[in-house]
Asks: 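Just dropping this structure here.
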Amino acid sequence: MSTLRLQLRFLLPLLVAVGIAAMLSLLLMDRMEVNWFARDLALRGALVSDALSDSIDRAVQEPAASGPSLRGVFDRIVRDERLAAIALCAQKGLPLGSSSDYPANLSCAQAQALAVTTPPQWRLPGGRVHVGWYPIQTQAGEPMALVLLHDLSFVERRSRETQLQMMALIVGLGLVIAVITMVVAQMSLRRWMAGARALLRGQGMLAPTMAGAASVETPELAPLAQDLRERLRDLEDEYRRTLGPDESLWTPERLRGLLQRHLRGEDVIVVSNRAPYLHEEVDGEIVVRRPASGLVTALEPVMRACSGTWVAHGSGSADRKTVDAADRVAVPPEDPRYTLRRVWLTREEEQGYYYGFSNEGLWPLCHVAHVRPAFRESDWQQYRAVNQRFAEAIAQEARGEDPVVLVQDYHFALLPAMLRKLLPRATILTFWHIPWPNPESFGICPWRREILQGLLGSSILGFHTRYHCKNFIETVDRYLEARIEHEHSSVTYRGKETLVESYPISIAWPTPEDSAGWPDVPQCRERVRTRLRLPTDRLIAVGVDRFDYTKGIVERINAVERLLEKYPQWVGRFSLVQVAAPTRSSLEEYRGFQERIERLVERINRRFGQRGYVPVLLLAEHHEHDAVNELYRAAEVCVVTSLHDGMNLVAKEFVAARDDEQGVLILSRFAGAARELREALIVNPYHVEETADALHRALTMPAAEQRERMASLRAIVRDHNVYRWASRMLGDAGRWRMRERIEARVERHSAELA
Ligand code: F6P
C-alpha cells in the first residue's frame, strides 16, 4: 500500500508532464504541417498557372465559340481533387472568368489581399480553402492573375491522422517511462534502505549481497552516507570527550556518569548462575556468604555502582527464607544498592544444567585441559530448559521493552537468543568468562550450532582476549552460514548483527579508604605466620584457587618439589601455602582431583618435611576476602599456574594488595592475565623445571627489582580496573543503542516516504 503511494507520488507529476508535452507537440505539429502545405500549394499553384497560361491566353484572345471557353478550361482543371475553384482576374476588378464553383462573393481584390495573409485561407460552405494569387503573362499584355482555391480538407484529414499517431506514440512512451520509473523506484528504495542500514552498522556504503560475496557501491547514497557518517562521528567524538582522557582513573562515580549520559540512567540487569550473596543456615542462624568466584569478584562492585537487578540461581540453604514474594532481596545486606532476584532450580535441573552440561561438557571443552568433555542428551535438555527459565525471569524483571542485559558465562549460551525472542529490542551484552577453543576442539560438541546460534542473539559478545574472539569467529565461520566482517569484528547471522570484542576483565582497585583499613605488611606477615605456625623467617609463596583441574595445582606442587630438590638451600626456609576452595564436589572428576592433590601434598611433605617444617600447607576451605588479602600481603611470592584460564583475577588481586610494592608474581602464560601483566615472571606450568627456577628467582629477587616490577604491574591493574571494563562494554552498548535508534528512524522515514 505504502509502495503504491510512493509510486503514485512519482507517477502523477510524470503523467501531467507527459500530457503537457503531448498538447504542446500537437499544437506545434499542426502549425508546422499547415506551413509545409502552404509552401507546397504555393509551388503547385505556380506550376498550374504556368501550365495554363497558354490555354488562358487563347481563350482570352478568341472568346469565339471555336476556341475553348474559360469556364470549360477551368472546370476541367478543378477536377483535380485538390483544386476547389479557379478564376482569372485582371489586375483589378471582377474575375474575367471562373470555374463553376468559384464563390460569387470573392472579388479579385479580396483574393489578392487574402493571398498575402498568413495563413492565406477562405472559408467555403464545404470547408477551408487555400487562396493563391498567381500573376500570368498574356499576349494582350494586360497584367492578369489566376486565383487558385485549393481544397484544404485533405490537409485537415492528414493532420488529424498524424495527430492521432503522435498521440498514440506519446501515450505509449509515457507508459513505458512510468513502468521503468516504478521498477527503478522500487529497486532504489530497497537499496537506499539497505545502504542506510549498512552505513549505520558501520559497513560504509556497501550494499549487502550474498554471504561472503563481493559488495557493490551505491553512489546515489553517497551524500546521505556522508551526512550520517559525520553525525555518527560527531556523536562518537562527543562520547570520547565525555569519557575524558583514558589515563584518568575509572571509578564507580565515573561509571555511574557514563550510565546516565549514554544509557539514559537505564537500569542494568545482570544474569549469572552464581549469585553474589548466599544465605546459609549455620547452627540455626542465617549467615551471609560470598562465593569463591572470579565472576562475582568482578561484577559485584559494578552492580553496586550501577544499581539494577542481578538474576541468579538461589543455591544457599536459607536463600528462600530471605526473599520477598517476588523472590527478591536487596543486597549487599549491610548497605543495599541493588536487587538480587533468585531463580530456584530442582535437584535434577541443577544436575543436568550446572553439573552436567555446563561443568562436565562446556567447561572441559573450552579449557582443553586434558579432561574429556561429557555430553549427555538429558543434560542438554535441562540446560535448554533452565536457560529458558532464566530468560523468562529477566523478561519479568525488565522495566521497559529495551533493557540493558549483561549475560554472564558459559551457563547461558542459549539465553541471548531466547531473550531476543521475548524482548526483541533489548541490548544484550554477553560475556564469556572462560576461554574459547579453536574450531576443531569446539566441533566435538554435538550441539555446536545451537550454542553458536544462541550466543549470536547477543548485541555484543565479549571475551577476555583477542585470541578468544578470533577463535569464536573462526568457529562461526566453520559451522554457520553467517556474514563475518573482520574489519569491524562483527558477525551477522540471519540479518542480526553481533559485535565480537575483547574486554579484559579486572578487579575494583582498592580505594584509599579500603587500604587505610588494612593491617600493614609486617603485621600481616606476623599474623599469617602465627596462624599457620610458621617461623618468622619462613619465606612463603601463596596460591589461591578453587579446587579445579584447570588451575595447574598439581604442576605447581611438582614445581615446589623440584625447587627443593634442585635448590636444597630452601628446605626448611620456604613453604607453599595453597588455599583451595572446594568446588563442584558432587562431580567425580573434582572429587578425584582433590584426593589426588591431597596425596601429592602428603608425599612431598613426607619427603622434605622435618620437625617444624611443612613444605606445602594445603588449606582446603573457602577463605573470605579479608583473609585472602592478608595472605597476599604476607607472602613473598604469589603463584598462578593455570593450564588454561580466561583471565585469572587472583593475579590482579595479589598486585592490588601489595601497596608496599614488594612481592613477586609468577604467572602462567596460559592465563589471559599474562597478556597484560608482562612484569610478572611468566612460566609454562607444564614445564616443571621452568616453574621451579622461577620460584628460586622470585625468592632471591632484590627488593629494587621487585619494586620496579610491582610498581609497573600496579599501574596497569589500577588503570585497567573493572570499572573501565564495565565502561567499555556499557559504552559500546550505548553506541549500539544510538545506532539502532538512528537505524529505526531511517527506516521510519523510508516507510513514510513509501
Ligand atoms: O571462570 C569461570 C567462572 O564462572 C568464574 O567466573 C568463576 O570464578 C568460576 O567459574 C565459578 O565457578 P562456580 O560458580 O561453578 O563455582
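Throughout, numbering of the chain's residues begins at 1 and tracks the sequence. For ligands, and for the atoms within them, numbers begin at 1 and follow the listed sequence.
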Asks: Does NZ or CZ of R384 fall inside the cone over W447's six-membered ring, less than 6.0 Å from its centre and within 45° of the axis?
Replies: no
Asks: Under a 4.0 Å N-O cut-off, is there an ion pair linking E360 with R376?
Replies: yes
Asks: Short list, please: which atoms of ligand 1 are under 4.0 Å from a heavy atom of I434?
Replies: 1 (O), 2 (C)
Asks: Which atoms of ligand 1 sit under 4.0 Å from any heavy atom of T583?
Replies: 16 (O)
Asks: With nothing but distance in play, are any N or O atoms of G294 less than 3.5 Å from an N or O of ligand 1?
Replies: yes
Asks: Taking the minimum heavy-atom distance to atom 11 (C) of ligand 1, which of R546, H411, H464, Q408 ranks first?
Replies: R546
Asks: Tell me, please: is W363 in heavy-atom contact with ligand 1, that is, under 4.0 Å?
Replies: yes
Asks: Suppose we measure from atom 10 (O) of ligand 1 to each protein heavy atom; which comes out shortest, and what is that distance?
Replies: R584 NH2, 3.6 Å
Asks: For atom 14 (O) of ligand 1, grab the closest protein heavy atom and report residue, atom and distance to one decimal in Å.
Replies: R274 NE, 3.0 Å
Asks: Does NZ or CZ of R289 come closer than 6.0 Å to the centre of the six-membered ring of Y277, within 45° of the ring's axis?
Replies: no
Asks: L429 and side-chain contact (heavy atoms from CB on, under 4.5 Å): which partner among L499, D732, V270, L730?
Replies: L730
Asks: In the protein, what heavy atom is nearest to atom 3 (C) of ligand 1, and what distance, to one decimal place, separates them?
Replies: D409 OD2, 3.4 Å
Asks: For atom 5 (C) of ligand 1, what is the nearest protein heavy atom, given as residue, atom name and distance?
Replies: L295 N, 4.0 Å
Asks: Give, for atom CG of L681 and atom CG of L665, the distance between the pair rounded to the nearest 0.5 Å.
Replies: 7.5 Å
Asks: Tell me which protein heavy atom sits closest to atom 13 (P) of ligand 1, plus the residue, atom name and distance to 0.1 Å.
Replies: Y354 OH, 3.4 Å
Asks: Please evaluate residues E300 and R304 with respect to the criterion salt bridge (Lys or Arg N to Asp or Glu O under 4.0 Å), reporting the C-alpha separation (whole Å), side-chain torsions for both, the decisive distance (0.1 Å), and the verdict.
Replies: CA-CA 6 Å; E300 216 274 333; R304 284 184 195 223; 2.7 Å; yes
Asks: Consider ring pair (Phe, Tyr, Trp, His ring centres under 6.0 Å). Of F357, Y383, W380, which one does F375 pass it with?
Replies: F357
